[in-house]
Undergrad: 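I'd like to ask some things about the structure below.
Side chains included, hydrogens not; waters and symmetry mates left out as well; all remaining heavy atoms used. The structure presented is a predicted model; accordingly, all values stated were derived computationally and were not measured. Below, chain A is the first sequence line, B the second, and so on; all start at residue 1.
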Number of protein chains: 2
Amino acid sequence: MLVDRATYELQELCPIRDVLDRIGDRWTVLVLSELEGGTRRFSVLRRAIPDISQRMLAQTLRHLEADGLVLRTVYPTIPPRVDYELTDLGRSLIVPLRGLIAWANGHHEAVKAARRRYATAQEAGAAPPESARAADVTPAQ
Amino acid sequence: MLVDRATYELQELCPIRDVLDRIGDRWTVLVLSELEGGTRRFSVLRRAIPDISQRMLAQTLRHLEADGLVLRTVYPTIPPRVDYELTDLGRSLIVPLRGLIAWANGHHEAVKAARRRYATAQEAGAAPPESARAADVTPAQ
DNA sequence: CCGAATCCAACACGATACTG
DNA sequence: CAGTATCGTGTTGGATTCGG
């Protein structure tokens, strides 16, 4: 069994869900990816991930810091400057993450193809041939 | 770099996000875990994952089917019977997933410890000593 | 420059009721 | 047995504004 059911049923927060809740959000993996290249400043991260909002970047970094995956260093200069870098724990997460990313890149086309097949199969089943449409009584709303 | 930025910026849906959106939801990994043990009927899956609602189980299975990770077989008997099983694509995803799960199990304590440290550090900074509380001018609301 | 606070829309999820 | 339909709710994330 993939997941340790006993731990899960004890309700003491399934470790898998705990981890997936984080890496499953929209930006965490992208931020980890940037930090893999070394220490980065907040503004550098923003520019590197153009469509992340300030709010989400700050939130994502705080979560990563709280989980001990990222180290945050504040330099009380003017203007202020904050550096972020992976901890050892953070770097250790990158290893299995790489496996998942490799799978995603390697099988994304297969997944998209499956979705197209599924979508067309669905309309074929859900949408009757045109000759029958006029008699369709199910209301659109 | 962990994530293929070029693909990401082309906006043609980053494969990583596409995969994480799915395995990041509440039930997908749990369902995959059950199906790893072999073919399962709908009702068996429900009993195996006690706190999943009928709605979420059906939805999760439909997503997995659409993505080509799970094969759905309907037997038009009375009462009806539907079998679910992993496809080859689904089984191939389980491999990297296992790595992530191993990390989660192996480092969950470290993450929880980091969170406790972070939480206490936060209250220490946010909540001034009692002697100063009376003079605190920042309104609670 | 870094980030907190607020407001708001979209959606994931659960509970319940109903169907073939 | 195996779902779908509907409703209500909490959470996620984006836009904007303010502060140190």
Side-chain angles (χ1 to χ4, degrees), chain A residues 11 14 17-18 20-31 34-35 39-66 70-85 122 125-126 137-141, chain B residues 11 14 17 20-31 34-35 39-66 70-85 118 122 125-126 137-141:
Chain A
Q11 210 61 352
C14 169
R17 289 235 20 82
D18 206 10
L20 289 180
D21 273 350
R22 279 291 140 79
I23 72 158
D25 68 14
R26 205 179 304 286
W27 303 109
T28 294
V29 175
L30 239 31
V31 171
E34 275 303 315
L35 291 177
T39 302
R40 295 281 187 273
R41 300 184 51 172
F42 188 91
S43 52
V44 171
L45 289 172
R46 264 200 96 176
R47 279 192 296 276
I49 311 173
D51 46 357
I52 195 174
S53 68
Q54 205 174 23
R55 178 192 196 276
M56 283 297 109
L57 179 55
Q59 190 175 96
T60 302
L61 287 167
R62 273 203 317 277
H63 283 156
L64 288 171
E65 187 198 2
V70 158
L71 178 65
R72 177 175 182 267
T73 311
V74 181
Y75 300 94
T77 56
I78 308 243
R81 165 199 175 132
V82 183
D83 278 356
Y84 296 92
E85 61 187 306
Q122 286 316 96
V137 280
T138 59
Q141 188 186 7
Chain B
Q11 210 61 349
C14 169
R17 289 235 20 84
L20 289 180
D21 272 351
R22 278 292 138 79
I23 72 157
D25 67 15
R26 210 184 292 294
W27 302 110
T28 295
V29 174
L30 239 32
V31 170
E34 275 304 314
L35 290 177
T39 302
R40 295 282 186 273
R41 300 183 50 169
F42 189 90
S43 52
V44 172
L45 289 171
R46 262 198 98 176
R47 278 192 297 275
I49 311 174
D51 46 358
I52 195 173
S53 68
Q54 203 173 24
R55 179 195 194 290
M56 290 322 299
L57 179 55
Q59 188 176 98
T60 302
L61 287 168
R62 265 187 285 114
H63 283 155
L64 288 171
E65 187 197 2
V70 158
L71 179 66
R72 178 174 180 266
T73 312
V74 180
Y75 301 94
T77 56
I78 307 242
R81 166 197 176 132
V82 182
D83 277 357
Y84 295 91
E85 60 188 307
Y118 184 84
Q122 287 315 96
V137 280
T138 58
Q141 190 184 6

Undergrad: Please report the closest heavy-atom contact between B:Y84 and B:L35, naming both atoms and the distance.
TA: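 Reported closest heavy-atom pair: O-CD2, 3.5 Å.
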Undergrad: Just call it for A:R46: base, sugar-phosphate, or nothing, with non-hydrogen atoms closer than 4.0 Å on any strand.
TA: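 The residue A:R46 makes no contact with any strand.
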Undergrad: Does A:S43 put a side-chain nitrogen or oxygen below 4.0 Å from OP1 or OP2 of C:dC2?
TA: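 Yes, because at least one side-chain N or O of A:S43 sits under 4.0 Å from OP1 or OP2 of C:dC2.
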Undergrad: So which protein N/O to nucleotides 18-20 of chain C N/O distances come out below 3.5 Å?
TA:
none

Undergrad: Atom NE2 of A:H63 and atom C1' of C:dG3: how far apart are they, to the nearest Å?
TA: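 Checked: the NE2 to C1' distance equals 14 Å.
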Undergrad: Just so I know, are the side chains of A:T39 and A:L71 near enough to count as touching, which here means a heavy-atom distance under 4.5 Å?
TA: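 A side-chain contact is absent here, since even the closest heavy-atom pair is not under 4.5 Å.
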Undergrad: For the pair A:L30 and A:I52, evaluate side-chain contact (heavy atoms from CB on, under 4.5 Å) and give the outcome as yes or no after the intermediate values.
TA: CA-CA 10 Å; A:L30 239 31; A:I52 195 174; over 6 Å; no
Undergrad: At under 4.0 Å, does any side-chain N or O of B:R40 touch on OP1 or OP2 of D:dA2?
TA: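 For D:dA2, OP1/OP2 do not have a side-chain N/O of B:R40 under 4.0 Å.
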Undergrad: Could you work out which one of C:dA4, C:dG3, D:dA2 sits closest to the side chain of A:F42?
TA: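 Comparing C:dA4, C:dG3, D:dA2 against the side chain of A:F42, the answer is C:dG3.
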Undergrad: Please give the angle, rounded to 10 degrees, between the axes at the start and the end of the helix from C:dC1-D:dG20 to C:dG20-D:dC1, where five pairs define each axis.
TA: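 The end-segment axes of the helix from C:dC1-D:dG20 to C:dG20-D:dC1 are tilted 40° relative to each other.
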Undergrad: For every nucleotide of nucleotides 10-15 of chain D, 5' to 3': is a protein heavy atom under 4.0 Å from its base (B), only from its sugar-phosphate (S), or from neither (-)?
TA: ---BBB
Undergrad: How would you list, by chain and number, every residue that makes a side-chain hydrogen bond (donor to acceptor under 3.5 Å, both in side chains) with A:R22, sequence neighbours excluded?
TA: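 A:R22 satisfies side-chain hydrogen bond (donor to acceptor under 3.5 Å, both in side chains) with A:D67 once adjacent residues are dropped.
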Undergrad: Any side-chain N or O of A:R81 less than 4.0 Å from the OP1 or OP2 oxygen of C:dG3?
TA: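 For C:dG3, OP1/OP2 do not have a side-chain N/O of A:R81 under 4.0 Å.
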Undergrad: Without decimals, in angstroms, what is the distance between A:D83 CG and C:dC1 P?
TA: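 From A:D83 CG to C:dC1 P: 14 Å.
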Undergrad: Would you list the atom pairs, donor with acceptor, under 3.5 Å between side chains in residues 57-65 of chain B and any protein atom, with sequence neighbours excluded?
TA:
from, atom 1, to, atom 2, distance (Å)
B:T60, OG1, B:M56, O, 2.7

Undergrad: Can you check side-chain contact (heavy atoms from CB on, under 4.5 Å) on A:V44 and A:E34, steps first, answer last?
TA: CA-CA 10 Å; A:V44 171; A:E34 275 303 315; 5.8 Å; no
Undergrad: What nucleic acid atoms does B:Y84 come within less than 4.0 Å of, heavy atoms only: base, sugar-phosphate, or nothing?
TA: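 B:Y84: backbone/sugar contact only, no base atoms under 4.0 Å.
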Undergrad: Quick one: B:Y75 OH to D:dG3 C1', roughly how many Å, whole number?
TA: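 Between C1' of D:dG3 and OH of B:Y75: 18 Å.
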Undergrad: Please report the distance, rounded to the nearest Å, between CZ in A:R62 and P in C:dG3.
TA: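 So the two atoms are 9 Å apart, to the nearest Å.
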Undergrad: Under the salt bridge (charged side-chain N to carboxylate O under 4.0 Å, His left out) test, which residues partner A:R81, sequence neighbours left out?
TA: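 Checked A:R81 against salt bridge (charged side-chain N to carboxylate O under 4.0 Å, His left out); matches are A:D83.
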Undergrad: Would you compute the distance between atom CZ of B:R41 and atom CZ of B:R47 and round it to the nearest 0.5 angstrom?
TA: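 Taking CZ in B:R41 and CZ in B:R47, the distance rounds to 8.5 Å.
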Undergrad: Give a yes/no on whether any side-chain N or O of B:R41 is located under 4.0 angstrom from OP1 or OP2 of D:dC1.
TA: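 So the side-chain polar atoms of B:R41 never come under 4.0 Å of the phosphate oxygens OP1 or OP2 of D:dC1.
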Undergrad: Using 0.5 Å steps for rounding, measure from the CG atom of B:L20 to the CZ atom of A:R26.
TA: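 CZ of A:R26 is found 11.5 Å from CG of B:L20.
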